[in-house]
Amino acid sequence: MKLRLLLTSALFLFVQIPTMQAQVTIDVSKITCEQVVMEQFEWTQREVVFWLNGYYNGKRSSTIVEPDAVKKNADKLTHYCYDHRDTTVMDAVKNVLGFDK
């Protein structure tokens with residue numbers, strides 16, 4: 001009986017130990033168009049576009065998302081980035097869509 005209790009207690013201890021995960025941080029202001037177009041990091045191009053959309057809407061205190069506008073802006077940004085790969089995505093957004101920092 002004591003052995004069963006000991007094994008059960010040990011099992012619960014191992015289950016409760018959280019798994020270690022490496023924390024990755026990304027400075028979005030340093031992401032280049034080439035990194036987005038070539039998908040050189042864990043985020044997809046779509047995720048970057050959604051993050052930027054939320055960032056700039058937050059700066060304008062807007063809580064409205066227009067999916068068609070997001071898609072059109074993403075297409076404009078993609079075309080710009082293909083021709084300006086060394087530009088940061090934040091600068092590309094300012095140049096193409098006219099959003100200020």
Point-to-point distance, once rounded to the nearest 0.5 Å, from [atom1] of [X] to [atom2] of [Y]:
| X | Y | atom1 | atom2 | result |
| --- | --- | --- | --- | --- |
| E39 | R46 | CD | CZ | 12.0 Å |
| N53 | L77 | CG | CG | 11.0 Å |
| D86 | T32 | CG | OG1 | 7.0 Å |
| Y80 | N73 | OH | CG | 14.5 Å |
| L52 | I31 | CG | CD1 | 7.5 Å |
| E34 | Y82 | CD | OH | 11.5 Å |

If you count heavy atoms of other groups shown closer than 6.0 angstrom to CZ of R85, is the number above 12? yes
Neighbour count above 12 (heavy atom, 6.0 Å) for E66 CD: no
Excluding sequence neighbours, so at least two apart, what forms ring-ring contact (aromatic ring centres under 6.0 Å, His included) with H79? none
Applying side-chain hydrogen bond (donor to acceptor under 3.5 Å, both in side chains), name anything that partners D68, two or more places apart in sequence or on another chain. none
Sequence neighbours left out, what passes side-chain hydrogen bond (donor to acceptor under 3.5 Å, both in side chains) with T78? Give chain and number order. Q45
Given C81, which partner from the list T87, V96, V37 fulfils the side-chain contact (heavy atoms from CB on, under 4.5 Å) test? V37
Would V89 and M38 show up in the same hydrophobic cluster when neighbours are defined by side-chain heavy atoms closer than 4.5 Å? no
Common cluster, V65/F50, ILVMFWY with side-chain heavy-atom separation under 4.5 Å: yes
Compare every heavy atom of [Y] with every heavy atom of [X], then report the nearest pair and how far apart it is.
| X | Y | value |
| --- | --- | --- |
| S29 | M90 | CA-CG, 3.7 Å |
| A74 | V49 | CB-CG1, 3.7 Å |
| Y56 | K94 | OH-CG, 4.4 Å |

